[in-house]
Structure formats: C-alpha cells, structure tokens
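Report on one structure; see the data block that follows.
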Amino acid sequence: MPAITLPDRTVRRYDAPVTGTEVAASIGPGLARAALAMKVDGALVDLATPIDRDAEVVFVTRRDPEALTLIRHDAAHVLAEAVQALYPGTQVTIGPAIDNGFYYDFARNEPFTPEDFAAIEAKMREIVARGAAFRRQVVPRDEAAALFAAKGERFKVELIRDLPDGEEISLYSQGEWVDLCRGPHMRTTADVGTAFKLMKTAGAYWRGDHRNPMLSRIYGTAWRDQKELDAYLHMLEEAERRDHRRIGREMDLFHLEEAAVGSVFWHPKGWRLYRTAESYMRRRLDAAGYQEVRTPQLVDRGLWEASGHWEKFREHMFVAQVEDEKRTLALKPMNCPCHVLIFRQGLRSYRELPLRMAEFGSCHRYEPSGALHGIMRVRAFTQDDAHIFCTEAQIADETVRFAELLASVYRDFGFTDFRVKFSDRPVVRAGDDATWDRAEGALKAACATAGITYELNPGEGAFYGPKLEFVLRDAIGRDWQCGTLQVDFVLPERLDAEYVGEDGARHRPVMLHRAILGSFERFLGILIEQYAGRFPLWLAPVQAVVATIVSDADTYAQEVAAALRAAGLAVETDLSNQKINAKIREHSLAHVPVMLVVGRREAEQRTVAIRRLGGEAQSVMPLDEAVAALAAEARPPDLR
RNA sequence: GCUGCUGUAGCUCAGUGGUAGAGCACUCCCUUGGUAAGGGAGAGGUCGUGAGUUCAAUCCUCACCAGCAGCACCA
C-alpha cells in the first residue's frame with residue numbers, strides 16, 4: 001500500500017493505489033485547486049496518474065518553474081485543435097514547448113499567415129474556456145497507427161512507426177480531439193489560462209531535414225498570467241532596440257548594402273571599435289606566446305585539393321579564374337592550410353613545440369543567402385585565428401591555457417557567463433576509434449583541469465576531431481558560436497606537416513584550431529547588443545565630447561579636446577549654436593560615455609564640468625586632473 | 001537554399017491606376033541659451049530592378065535582386 005512522502009517529509013499512507021488528484025484532495029481543498037501536475041520520484045507526470053507504490057510526491061502548481069512548460073505544451077495542443085477545427089484537412093505533426101513559448105508544425109497546402117492568427121486565437125480561447133479534461137490513454141502500437149491512419153494523419157503514423165520497441169504509446173484527448181503525445185499535461189485546457197499569444201509563422205522541415213517536405217509552423221508564447229505576458233512582450237521590444245543592425249546605423253558604425261552582400265562597410269566609428277578590439281587581442285596573443293603571421297587571400301586550388309576543402313567545402317568557396325592563366329585560385333575560407341605551409345618551411349624540431357601561429361585572417365565563405373544576418377553571419381569576415389602545432393601530450397596543457405585566456409578575454413569584454421558545448425565524434429569521421437578516444441579523453445581531462453563545465457553536443461564534432469564551442473547569446477536570446485577549440489589529427493597528415501622528435505625521427509604534430517572572438521564581425525555584433533551601444537569607456541568609438549555653452553568658450557573647448565586627444569582619447573567637439581540641453585540630448589542618444597561641458601566659468605578657471613552618460617550629477621574639476629582621470633579610465637583592461 | 005512577409009526621402013513610416021506626403025535628420029537665417037529637443041525658412045524621392053497588362057503603373061501580374069523571421073546550413 002503506497003506511502004507517499006511529501007516535500008515537508010510528512011508521510012501519508014493509503015490502502016489502495018491513489019491518483020495525484022486524490023492525494024491532493026486528501027491534503028486540502030487549496031492544494032486540490034492549485035495542483036496542475038506532480039513529480040513522482042522526480043518524474044513529472046499527470047495528476048491523474050495512479051501511484052501504486054511508495055513514492056516521494058511533489059505537486060506542481062502554477063507558481064512552480066515546471067508550470068510554464070506545462071502551460072506551453074498544453075497551449076500547443078489547444079492550438080492544434082483550434083487549427084484543425086478551423087482548417088479541415090490540415091494534418092498535425094509535433095508541437096513542443098520551447099523557451100518562452102511553444103510551436104506546432106502543421107502540414108497544409110496553403111501555409112498559415114499572421115492574418116489567420118485572430119481567428120485561431122479566438123478559437124483557442126473558446127477551447128480554453130470549454131475546459132475539457134486532458135485524458136491519457138495507453139494503446140497498442142497497431143491501434144494507435146490505425147487510429148491516425150483513419151484520420152489521414154500520415155505524419156503521426158510515421159511517428160508511431162518510428163517509436164522504439166517497448167516504448168509506451170499514449171494518446172491525450174481533450175474532449176473530442178486526440179493527439180499522440182508522451183505528456184504530461186495539466187488537468188484541463190482551462191489550466192492553459194489566457195496569457196498566450198500567437199507570434200509568427202515560419203516554414204520548418206519535417207523532422208528538421210531539408211530533404212523532407214516543409215511544414216507550416218505557428219509560434220506562440222504563453223505565460224502564467226497577463227502580467228508575465230506583457231513583461232515578455234515588453235522585453236522583446238527592448239531587445240529590438242539593442243539590435244546591432246539598428247545601433248550600427250544609429251551610431252554610424254557600419255552599413256551593409258547590395259553592392260557587397262554579406263560584407264561589412266565599416267564606418268570610421270565602427271572601425272575604431274574594431275581596431276580597439278583588434279589591438280587588444282593582438283596584445284593578449286603576444287603575451288600568451290603566439291606568433292602572428294599573415295597569409296594570402298587567394299590560394300591555388302591545389303592546396304585546397306590537398307587539404308580536402310576542395311572536395312568537401314567547394315560550394316562554400318569563392319573561386320577566382322584569371323583569363324590568361326590556367327590556374328584556378330580560391331579565396332581562402334579558412335587559414336589553417338596556409339599556416340601548415342608556413343610550418344612546413346624548414347625542418348621543425350620538437351623544441352619548437354607547442355608552436356602557436358596566430359593570424360587575424362580574412363576569410364570568405366559563400367554562405368547560403370538565408371543564413372546571412374547583419375554582421376553576425378556574413379560572407380567576408382576576419383577571425384582571431386590561431387593554430388597550435390603540438391604533440392599529443394601537449395593537448396591538455398594547451399587546452400587549459402587556451403580556456404584561461406578565453407575566459408579572461410571574455411571577462412574583459414564584459415561576458416561573464418557563456419556556454420560551452422563539447423562536440424564529440426560524428427558518424428562520418430577520419431581517424432580510428434583509438435585516436436578519437438585519446439583526443440576526446442585529452443579534451444575532457446583538459447576541461448576538468450580548466451574547470452570548464454560543458455553540455456555534450458553528441459556527434460557534432462568536426463570530421464577530424466572533437467571540438468569545444470564557446471557560445472554567446474544575442475539580445476533576443478539567439479545563440480552564436482564565437483570561440484572554438486578543435487583537435488585535429490587529419491590536416492597535418494594531409495598536408496604532410498612534421499617535426500623531428502627527441503628520438504631524431506620524424507613525427508606528425510597535432511593541430512589545435514582555436515579562436516576566441518571567433519570572427520570580429522560576429523563578436524562585435526554581439527558586443528554591440530550586449531552593451532546596447534553604451535560601451536565602457538575603453539571600447540567607446542567616441543569616448544568624449546566637449547560641448548560649449550556659449551561660443552566665447554570655443555577656443556578653450558578646442559584646447560580641452562586637444563589635451564584629451566594628446567592623452568589618447570577619441571574626442572569630438574560640439575561648438576554648434578544649440579542650447580546645452582540639445583547638445584546633451586544629442587550626444588546622450590549617440591551613447592557618448594563622457595561629456596565635458598565648458599562655459600565662461602570653466603574657461604576662466606581652466607576646469608571642465610564632466611557629465612556621464614545617463615547620469616544626472618556633474619563634477620567640476622581642473623582640466624589636468626580630468627585628462628589624467630579619463631586617460632586612466634580609458635586604458636584597456638589588460639593595460640591597467 | 002526552403003517557407004512566409006517586406007522593399008516609398010538619410011531614418012521611421014503614411015498614401016494613390018492619372019509620375020507623391022508626414023515627423024525626425026540635413027542646409028541656411030535668427031537665437032549665446034548652464035546639463036535630454038529655442039524659433040523660422042529651405043532643400044531632398046527614376047516609389048528595389050526588369051518585363052507585362054493598361055490610354056495611363058509607385059499602385060495590378062510575372063520574374064529577378066535585397067532585407068526580415070523561422071527552418072536547413074555554419075568547415
């Protein structure tokens with residue numbers, strides 16, 4: 001007879017199997033009303049699930065974190081029912097809860113458009129109001145398949161057919177409407193509540209495979225209550241204001257245009273930001289024992305054939321042909337083969353290893369048009385690339401050093417939490433299993449030593465070796481891979497890199513491909529969104545503006561600007577005949593971190609009134625003092 | 001690349017089968033004002049590109065290009 005342990009450690013005993021609903025009711029009417037689902041020994045299940053053995057039970061109410069997933073998943077079912085009621089003949093496929101909401105993929109000849117949302121939402125509200133109970137039913141595989149086949153739901157039939165043997169097949173009904181679903185669900189459709197909204201439509205391939213038919217996906221968001229929904233919608237609006245494409249225009253950092261699709265036109269201010277980041281990285285790499293090189297943009301096809309790129313990545317390469325020459329050249333999509341060519345010059349000794357070869361390498365890749373995104377996904381970009389030639393025994397140590405360098409760089413740029421993915425051996429790969437065991441083992445050990453916690457990204461490694469991906473998030477929560485570390489046993493072999501070992505014999509080095517920022521374009525895009533254009537002083541493209549109150553102060557203002565410039569700051573003057581209010585407003589909107597306001601008083605006393613972006617207070621101080629203080633503050637973090 | 005949507009002034013956007021409009025920005029004039037918009041005037045557009053329908057196309061149709069969202073891709 002089940003003894004049920006509740007979170008407060010009290011134990012309730014029942015003389016027969018009981019459902020969560022009954023347990024909740026036996027505890028109290030308040031809980032009976034509030035409980036949406038429960039966790040039995042940690043597993044989230046329906047409230048109606050019978051408990052026939054001793055178990056720890058935790059009830060999930062609307063306040064619990066799990067509730068959001070339940071609400072969203074249930075909302076997806078409500079959406080599917082609404083769509084099938086309104087658009088007969090539409091087939092259902094899958095509809096999970098996701099971050100911030102849910103989606104459902106439908107098969108229909110005519111795709112859905114946002115114009116359909118009003119009708120669908122209205123129908124959804126009806127279904128919620130009706131409050132039909134979710135009922136779970138376990139059925140034999142054949143019966144389930146027959147049921148959906150009879151309805152003409154061929155995608156569901158395919159799902160059922162592909163479920164692994166022994167997997168329980170459950171159906172959930174809400175009134176008349178039935179879906180194949182693992183669950184769990186809440187009690188009734190009414191538990192979804194009213195704080196949901198359909199957001200957008202999109203095409204999505206069946207089972208995520210581009211060879212399959214494209215389905216029509218409807219995205220929605222759902223929350224516990226209207227307040228949460230409003231807050232989310234407001235957050236989205238705010239995020240839109242942080243969009244790097246918008247800030248890039250507003251702050252005059254860069255532009256993109258048809259004349260060079262997928263390439264960035266950096267404007268003076270944007271390029272200053274770029275150079276600040278580049279100079280910083282160069283100092284960090286110098287200090288970390290890297291040697292910087294520069295290799296050609298256009299390289300003969302022969303090298304790409306030897307490296308394997310011609311076979312595997314040709315469709316992503318820009319190829320250049322010259323009229324009166326037989327050679328075919330290609331713009332490099334990666335720097336590594338060129339670095340091997342430098343490594344191969346002369347006879348290398350084991351004493352030179354690890355040899356860390358860095359390049360701010362400009363690469364071109366022909367990315368699919370649909371992949372382009374502002375400056376974060378482009379066709380021409382510059383990586384903070386480096387290849388470490390080392391022995392297998394040195395992999396772990398180099399990984400630790402790299403991880404420390406990366407974390408320190410990210411910290412300096414203001415990124416304190418980033419995610420790490422560990423991508424292990426893919427199905428199609430080079431190298432034997434023993435080599436992979438060693439490579440993955442070395443990388444894992446190195447992660448442990450470096451204190452890196454990662455999520456496993458199974459089967460996503462490069463064909464030549466496992467890799468770590470360092471992922472940053474943009475303003476609206478999209479993930480972007482920036483840093484990476486890849487272990488490569490293949491390229492040194494293909495391009496015949498070797499060194500003379502301690503034993504006098506020739507050996508293959510291992511190559512570690514690594515980047516910290518990834519590409520300047522992507523990283524700066526994320527950086528812009530991270531700060532919403534309000535950069536810390538050392539990164540700001542315009543660090544200070546000297547603004548006059550009256551034109552009598554013009555000469556002094558120019559003197560102030562000259563002094564700041566001499567101290568290495570990026571300064572502009574504003575001698576226009578606007579009121580100081582207008583000047584403050586203008587430069588505040590331009591996110592200039594420091595404004596130095598000068599009038600007759602300051603000119604006479606040789607002081608400046610400093611006003612910080614967004615601040616109310618101003619501090620008046622002697623010019624020399626101000627220059628020294630700002631110069632110190634503007635120093636890059638690695639030089640402090 | 002796929003699906004859907006979008007493309008009008010530098011920016012944000014309105015609009016019409018009879019070759020276009022607002023706000024902000026810009027230029028000039030007046031204003032010299034102490035910490036987030038002082039006032040006035042002016043200039044500015046082959047209505048993404050190319051075909052087609054029409055007496056007439058920025059508007060309708062088709063194709064292409066580019067952008068946006070998602071999917072797929074991301075060496």
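Proteins get letters first, then strands, A, B, ... in listed order; numbering begins at 1 in each.
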What does nucleotides 33-39 of chain B look like as a protein-contact string, B for base, S for sugar-phosphate only, - for none, at under 4.0 angstrom between heavy atoms?
BBBBBS-

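Taking the side chain to side chain contact (heavy atoms under 4.5 Å, CB included) definition, one finds that Ala563(A) meets it with Val627(A), sequence neighbours left out. Residues passing the side chain to side chain contact (heavy atoms under 4.5 Å, CB included) test with Ala371(A) are Pro368(A), Arg377(A), sequence neighbours excluded. Considering only residues two or more places apart in sequence or on other chains, Asn581(A) meets the side chain to side chain contact (heavy atoms under 4.5 Å, CB included) condition with none of them. Residues passing the side chain to side chain contact (heavy atoms under 4.5 Å, CB included) test with Ala403(A) are Ala450(A), Ile452(A), sequence neighbours excluded.
Contacts of residues 237-244 of chain A with RNA chain B (heavy atom under 4.0 Å): none. Listed by residue number, the members of residues 482-495 of chain A with any heavy atom below 4.0 angstrom from RNA chain B are Gln486(A). In the region residues 511-530 of chain A, proximity to RNA chain B at under 4.0 angstrom, judged on heavy atoms, holds for none of the residues. Within residues 374-381 of chain A, the residues approaching RNA chain B are Gly374(A), Arg377(A), by heavy-atom distance under 4.0 Å.
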Taking only N/O atoms, report every protein-nucleotides 4-14 of chain B pair under 3.5 Å with atom names and distance.
from: C11(B); atom 1: O3'; to: Arg249(A); atom 2: NH1; distance (Å): 3.4

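The side chain of His373(A) contributes an N or O atom lying less than 4.0 Å from OP1 or OP2 of A69(B).
Residues Arg245(A) and Pro368(A) each lie close to RNA chain B; by heavy-atom proximity, the contact nearer the 5' end of the strand is made by Pro368(A).
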Distance-only criterion, 3.5 Å: show the donor-acceptor pairs between side-chain atoms of residues 457-466 of chain A and protein atoms not counting sequence neighbours.
from: Asn457(A); atom 1: ND2; to: Ser423(A); atom 2: OG; distance (Å): 3.2
from: Tyr464(A); atom 1: OH; to: Gln486(A); atom 2: OE1; distance (Å): 2.4

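Annotated stems with RNA chain B as a participant read B:1-7 with B:65-71, B:10-13 with B:21-24, B:26-30 with B:38-42, B:48-52 with B:60-64, given as range with range, by first number; only runs of 3 or more Watson-Crick or G-U pairs under 3.5 Å qualify.
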